[in-house]
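Worksheet: one structure, shown below.
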Amino acid sequence: MAQRHIHYEAAFEDYVRSQGWPYLPVDEQKKAIFSGARIKSFDFLVYPPDRKPWLVDVKGRKFPYDTNGSKRYWENWVTQEDIDGLSAWHNVFGDQFEPVLIFAYWLVGVANRLPSLDIHTFRNEYYAFIPVRATDYAQRARMRSPKWNTVSVSTSTLKSLAKQMQPDGMI
């Protein structure tokens, strides 16, 4: 396993390995330049069984996210650069690959609102991984913060999109 300093990515890599899915981690230290333009790197190339290979960008979020004493669930914002990067890589790799956002939820809250029935333990912490096709997410995303250039989808939309991506062992 590669040395991953971001615990969400390390947990997802451990999950993929535990499922026996072939995968390749992307070296984030090297900035990708394709056709003279910089493209934001994705995190993994994953080969789930009986599916197109995934170009994965892992988005780590706490579940729930606590802000000023108020708990927020299902945080799923991404930057427009995340969407644009996956779209560019999809154009490079072609339609035989699926650009996928993996929302890696670090479970720090109560058990009655878990995002998945499939909970993965990694380094004595608990995680759930929610896959969403980046193209579907982008079509339904709404501006969250113009200042930070972030977008998000509603909780019901996220759950609906995740159900469409349900490989064995996830969600």
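Everything quoted here is computed from the prediction, not taken from an experiment.
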Contacts of Arg144 that satisfy salt bridge (Lys or Arg N to Asp or Glu O under 4.0 Å) - sequence neighbours left out: Glu75
Criterion side-chain contact (heavy atoms from CB on, under 4.5 Å) on Asn76 and Tyr105, from CA distance to verdict: CA-CA 10 Å; Asn76 67 75; Tyr105 289 108; 4.1 Å; yes
Partner set under side chain to side chain contact (heavy atoms under 4.5 Å, CB included) for Lys159, not counting sequence neighbours: Trp74, Thr155
From CG (Leu161) to OG (Ser156), nearest 0.5 Å: 9.5 Å
Side chain to side chain, Val92 and Phe97, heavy atoms closer than 4.5 Å: no
Non-hydrogen side-chain atoms of Leu45 and Val56 separated by less than 4.5 Å: no
Side-chain heavy-atom pair Asp14, Tyr127 within 4.5 angstrom cut-off: no
Validation row, ring centre Tyr47 to ring centre Trp21 under 6.0 Å: no
Atom pair NE2/CD of His7 and Glu125 - distance to nearest 0.5 Å: 7.5 Å
Any donor-acceptor pair under 3.5 Å from Thr79 side chain to Asn149 backbone: no
Interatomic spacing from CG in Leu158 to CG in Asp136 - rounded to 0.5 Å: 11.5 Å
Glu9 side, atom CD; Ile102 side, atom CD1 - distance, nearest 0.5 Å: 12.0 Å
Distance-minimising heavy-atom pair for Val16 and Tyr23: CG1-CD2, 3.6 Å
Show me, pair by pair, the donor-acceptor contacts under 3.5 angstrom made by side chains of residues 57-64, not counting sequence neighbours?
unit_1	atom_1	unit_2	atom_2	d
Asp57	OD2	Lys40	NZ	3.2
Lys59	NZ	Asp82	OD1	3.2
Lys59	NZ	Asp82	OD2	3.2
Arg61	NH2	Trp77	O	2.3

Nearest atoms (heavy-atom pairs only) where Pro99 meets Thr135: CG-CG2, 4.1 Å
Thr150 and Gln80: CA distance, side-chain angles, deciding distance, side-chain contact (heavy atoms from CB on, under 4.5 Å) verdict: CA-CA 6 Å; Thr150 57; Gln80 189 60 50; over 6 Å; no
For Ala141, all residues meeting side chain to side chain contact (heavy atoms under 4.5 Å, CB included), sequence neighbours excluded: Tyr137, Val151, Val153
Min side-chain heavy-atom separation Tyr65-Val108 under 4.5 Å: no
Over all atoms of both residues, closest heavy-atom pair of Ala134 and Ile83: O-CD1, 4.4 Å
Crowding at CZ, Phe93 (>12 non-hydrogen neighbours, <6.0 Å): yes
Centroid-centroid under 6.0 Å between His120 and Tyr15 rings: yes
Contact summary for Leu86 and Val100, nearest pair of heavy atoms: CD1-O, 4.0 Å
Which residues share a side chain to side chain contact (heavy atoms under 4.5 Å, CB included) with Ser160, sequence neighbours left out: Gln164
Residues in side chain to side chain contact (heavy atoms under 4.5 Å, CB included) contact with Thr121, at least two apart in sequence or another chain: Tyr126
Test item: Ile6 and Phe12 side chains (from C-beta on) under 4.5 Å apart, heavy atoms: no
Taking every non-hydrogen atom, the tightest pair across Ala104 and Tyr8: O-CD2, 3.3 Å
Working for salt bridge (Lys or Arg N to Asp or Glu O under 4.0 Å), residues Glu98 and Arg51: CA-CA 9 Å; Glu98 192 80 68; Arg51 300 185 71 86; 6.0 Å; no
Flag side-chain contact, heavy atom, 4.5 Å: Asp43 against Glu13: no
For the student: nearest non-hydrogen atoms of Val26 and Phe44, plus distance: CG2-N, 4.1 Å
